[in-house]
Amino acid sequence: MPAPTPPPAELHGRILDWFDAHRRVLPWREEPSPWRVMVSEFMLQQTPVARVLPVFDAWLERWPAPADLAASPSGEAVRAWGRLGYPRRALRLHAAAVAIVERHEGRVPATYDELLELPGVGDYTAAAIASFAHGRRAVVLDTNVRRVFARVVEGVQFPAPGVVRAERDVAASLLPDDDPTAARWAAATMELGALVCTARSPRCEACPVAGLCRWRALGYPEHDGPPRRGQAWHGTDRQCRGRLLAVVRDAHEPVAPELMAAAWTDAPQRERCLDSLLDDGLLDVTPDGRFSLPA
DNA sequence: CAGTCGTGGGA
DNA sequence: TTCCCAAGACT
């Protein structure tokens, strides 16, 4: 049974007005060309805005169009990615640029279905590019939007671990009918989640829909259900891979195996991680056995 | 579906 | 200090 939802018209008006007054000035919003939006969306996958900003500017300066990136070695994308984290995203962005040149005449496609075919583009990113770059109506469900709807509509502190059918239905039912308003709505609900309806300490006193919020009306019930598991880090392969790749990324010539061994002393784990980095295409081996970024 | 994949800053 | 988690995608 679907939860009773607030009157869409009032919800829309309040959130859209709030957005007009409080939206952040961001480089991919001020000049939302499809390529700029696409690059920003890749970088923002699991990485905070503040850390993306400088890398984004350098990236667009160097590769102002998909064809420019496609013409560079993938390893250069990995190096330019710097310390944004999850460097396979750099590889996928490079591969997506190649695909755009090969299949779309060098222009970022505008439809959700075409975007979804690109490497590194999943449901969220396809919807985001269609909406933010091309002004099209799309259900943009990111962690911010999911949290806002979980609280305002469902009355719970946090959304389920994975996107549920009913959740998508609610989001779709609340999406304004026309393209431009739907696109504004997508950006507005994301921004509300990012600035006000945050995970840790929501600023309900500044929320335009506090009076319509079911979670608030229920007295802010605590999350009930399986504990949300954190991400292990110390001693994991992720930490090992990160450290090994950083050595190569920060070097200006191929790195000898001895230097890699110095960066991570556990030999079996180090070898396993080097293998996985090679397998992912994040590293290459030179004929004399040293490690480099891929050509 | 559950596990994996980086990094750094704020609470 | 420790913990949490930030505009996800892929297997």
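Quick caveat, the model's predicted, so the values are computed rather than measured. Chain letters run A, B, ... following the sequence lines, proteins first, then strands; residues in each count from 1.
- The local environment of CG in A:Asp224 is sparse, with at most 12 non-hydrogen atoms from other residues, nucleotides or ligands closer than 6.0 Å.
- Residues from residues 199-210 of chain A lying near DNA chain C, meaning a heavy-atom separation below 4.0 Å, are A:Ala199, A:Arg200 in numerical order.
- In the set C:dC5, C:dA7, B:dG6, C:dC5 carries the atom at the smallest distance from any side-chain atom of A:Phe158.
- Between A:Arg241 and A:Arg88, the shortest heavy-atom contact is NH2-CD, 4.2 Å.
- OP1 or OP2 of B:dG6 lies within a sub-4.0 Å distance of a side-chain N or O belonging to A:Arg241.
- C:dA7 and B:dC5: their P atoms are spaced 23 Å apart (whole Å).
- Remark: the backbone N or O of A:Ala138 is not paired with any side-chain donor or acceptor of A:Ser131 at under 3.5 angstrom.
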request  = Please report the C-alpha distance between A:Trp81 and A:Trp59 in whole Å, then the side-chain angles of each, then the deciding distance to 0.1 Å, and finally whether the ring-ring contact (aromatic ring centres under 6.0 Å, His included) criterion is met.
outcome  = CA-CA 8 Å; A:Trp81 196 256; A:Trp59 192 282; 5.8 Å; yes
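- Looking at A:Thr47, its side chain comes within 3.5 Å of the base of B:dG6 through a donor and an acceptor atom.
- Between A:Tyr86 atom OH and B:dG8 atom P there is a gap of 13 Å when expressed in whole angstrom units.
- Checking A:Gln269 against A:Trp264 by side-chain atom types alone, a donor-acceptor pair falls below 3.5 Å.
- Remark: A:Arg62 engages A:Glu76 in a salt bridge, criterion side-chain N to carboxylate O under 4.0 Å.
- Within 6.0 Å of the CD atom in A:Glu222, the count of heavy atoms belonging to other residues, nucleotides or ligands does not exceed 12.
- Note: A:Phe56 and A:Trp28 have perpendicular aromatic rings, judged against thresholds of 30 and 60 degrees for the angle between ring planes.
- A:Tyr86 contributes atom OH, which lies 16.0 Å from atom CZ of A:Phe42 (distance to the nearest 0.5 angstrom).
- Taking the side chain as every heavy atom from C-beta outward, A:Val255 and A:Arg290 never approach each other to under 4.5 Å.
- By the side-chain contact (heavy atoms from CB on, under 4.5 Å) test, A:Gln231 is found to be paired with A:Arg238, residues two or more places apart in sequence or in another chain being considered.
- An OP1 or OP2 oxygen of C:dA6 is reached within less than 4.0 angstrom by a side-chain nitrogen or oxygen of A:Arg147.
- One N or O donor and one acceptor, one from the side chain of A:Arg51 and one from the base of B:dT7, sit under 3.5 Å apart.
- A:Arg92 has no carboxylate O lying under 4.0 Å from a charged side-chain N of A:Asp280, or vice versa, which leaves the two without a salt bridge.
- At whole-Å resolution of the value, CH2 in A:Trp233 and P in C:dT1 are 18 Å apart.
- The CD atom of A:Gln157 sits 9 Å away from the P atom of C:dC5 (whole-angstrom rounding).
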request  = Taking Watson-Crick and G-U wobble pairs with both distances under 3.5 Å, convert DNA chain C into its dot-bracket string, 5' to 3', dots for unpaired and | for cross-strand pairs.
outcome  = .|||||.||||
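- When the nucleotides B:dG8, C:dA7, B:dG6 are ranked by their closest atom to the side chain of A:Leu44, C:dA7 comes out on top.
- Atom NE2 of A:His234 and atom C1' of B:dG8 are 17 Å apart (whole Å).
- A:Pro161 comes within contact range of no nucleotide atom at all, as no heavy-atom separation falls under 4.0 Å.
- Near DNA chain C, meaning a heavy atom under 4.0 Å from it, residues 15-32 of chain A has A:Arg24, A:Leu26, A:Trp28 in order of number.
- The one candidate from A:Asp237, A:Asp279, A:Asp266 that meets the salt bridge (charged side-chain N to carboxylate O under 4.0 Å, His left out) condition with A:Arg272 is A:Asp237.
- Residue contacts for A:Asp237: at a heavy-atom cut-off of 4.0 Å it reaches the sugar-phosphate backbone alone, with no base atom in range.
- Across the protein-nucleic acid pair, A:Arg243 atom CZ and B:dG6 atom C1' stand 12 Å apart, rounded to whole Å.
- Atom pair A:Met43:CE and B:dG6:P shows a separation of 16 Å (rounding to whole Å applied).
- Note on A:Thr236: nothing from the nucleic acid sits closer than 4.0 angstrom, heavy atoms only.
- Within the 4.5 Å cutoff, side-chain heavy atoms of A:Val98 are placed close to those of A:His94.
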Tabulate protein N/O versus nucleotide N/O from nucleotides 9-11 of chain C, keeping only pairs under 3.5 Å, one per line.
{"unit_1": "C:dA9", "atom_1": "OP1", "unit_2": "A:Gly122", "atom_2": "N", "d": "2.9"}
{"unit_1": "C:dA9", "atom_1": "OP1", "unit_2": "A:Thr125", "atom_2": "N", "d": "2.9"}
{"unit_1": "C:dA9", "atom_1": "OP1", "unit_2": "A:Thr125", "atom_2": "OG1", "d": "2.5"}
{"unit_1": "C:dA9", "atom_1": "OP2", "unit_2": "A:Tyr124", "atom_2": "N", "d": "3.4"}
{"unit_1": "C:dC10", "atom_1": "OP1", "unit_2": "A:Gly120", "atom_2": "N", "d": "2.6"}

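- Looking at heavy-atom distances under 4.0 Å, A:Gln231 makes contact with a base.
- Here the side chain of A:Arg151 pairs no donor or acceptor atom with the backbone of A:Arg216 at under 3.5 angstrom.
- One finds the SG atom of A:Cys273 at 10.0 Å from the CD atom of A:Gln239 (value rounded to the nearest 0.5 Å).
- Using a 4.0 Å cutoff on non-hydrogen atoms, the parts of residues 183-193 of chain A near DNA chain C are A:Met190, ordered by number.
- Separating the OG1 atom in A:Thr181 from the CG atom in A:Leu16 is a distance of 7.0 Å, to the nearest 0.5 Å.
- For the pair A:His12 (side chain) and A:Leu174 (backbone), a donor-acceptor distance under 3.5 Å is present.
- Across all strands shown, A:Leu84 has heavy atoms under 4.0 Å from base atoms, whether or not it also approaches the sugar-phosphate.
- Nucleotide B:dG8 holds its C1' atom 13 Å from the CZ atom of A:Arg238, rounded to whole Å.
- Straight-line distance from the CG atom of A:Leu141 to the P atom of C:dG8: 11 Å, rounded to whole Å.
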